[in-house]
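Below is one structure, written out as structure tokens; the observations come after it.
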Amino acid sequence: MGLKEEFEEHAEKAKTLPESTSNENKLILYGLYKQATVGNVNTSRPGIFNMKDRAKWDAWKAVEGKSQEEAMSDYITKVKQLLEEASASC
């Protein structure tokens, strides 16, 4: 299985993470996903009154400069980690 296929498989698995997954971890996944699929941030930062989108933009900006392959690999690693934590806490 290639990196792209494994990434897509873990993107599906990420949807099964429990509700208890922290916002911080969700934002890390979001940033890595956007970096892996789009590349560097290509939009302006949302305004102060749009806190949710602003946090998502900041998470994406935090991984700016990572190659798409590196972002895919980091995303896969993070999803695996979160799934292990979720199954350990059951």
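This one's a predicted model, so the numbers in the text were calculated from it and none came from an experiment. Numbering of residues begins at 1 and proceeds along the displayed sequence.
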Original post:
Taking the side chain from Glu6 and the backbone from Ile76, do they hold a donor-acceptor pair closer than 3.5 Å?
Top reply: no
**OP:** Report yes if the side chains of Glu12 and Lys15 come closer than 4.5 Å at any heavy-atom pair, otherwise no.
**Re:** yes
Subject >> Heavy atoms from other residues, nucleotides or ligands near OH of Tyr33 exceed 12 (cutoff 6.0 Å) >> reply: no
Original post:
How long is the gap from NZ on Lys13 to CG on Leu82, to the nearest 0.5 Å?
Top reply: 13.0 Å
Original post:
Do Lys4 and Glu8 sit within salt-bridge range, that is, some charged N less than 4.0 Å from a carboxylate O?
Top reply: yes
Original post:
Under the criterion side-chain contact (heavy atoms from CB on, under 4.5 Å), which of Asp74, Ile28, Val41, Leu32 is the partner of Val63?
Top reply: Leu32
Subject >> Shortest non-hydrogen contact between Gln68 and Gly39, atoms and distance >> reply: NE2-N, 3.6 Å
Original post:
Roughly how far apart are Asn42 CG and Glu64 CD, rounded to 0.5 Å?
Top reply: 10.0 Å
Original post:
Are any of the side-chain heavy atoms of Leu27 and Asp58 separated by less than 4.5 Å?
Top reply: no
**OP:** Check Ala36 against Ala71 and note the closest heavy-atom contact, atom names and distance.
**Re:** N-CB, 3.7 Å
**OP:** Work out which heavy atom in Trp60 is nearest to a heavy atom in Asn40; give both atom names and the distance.
**Re:** CZ2-O, 3.7 Å
Original post:
Under 4.5 Å between any side-chain heavy atoms of Thr77 and Lys80, yes or no?
Top reply: no
Subject >> Value rounded to 0.5 Å, distance of CD in Gln81 from CD in Glu85 >> reply: 4.5 Å
Subject >> Student check: side-chain heavy atoms of Leu17 and Asn25 closer than 4.5 Å >> reply: no
Original post:
Take atom CD in Glu5; do more than 12 heavy atoms of anything else shown fall under 6.0 Å from it?
Top reply: yes
Original post:
CZ of Arg54 to CZ of Arg45: how many Å apart, nearest 0.5 Å?
Top reply: 3.5 Å
Original post:
Is any side-chain heavy atom of Met1 closer than 4.5 Å to a side-chain heavy atom of Glu9?
Top reply: yes
Original post:
What distance do Thr37 atom OG1 and Tyr75 atom OH have between them, rounded to the nearest 0.5 Å?
Top reply: 9.5 Å
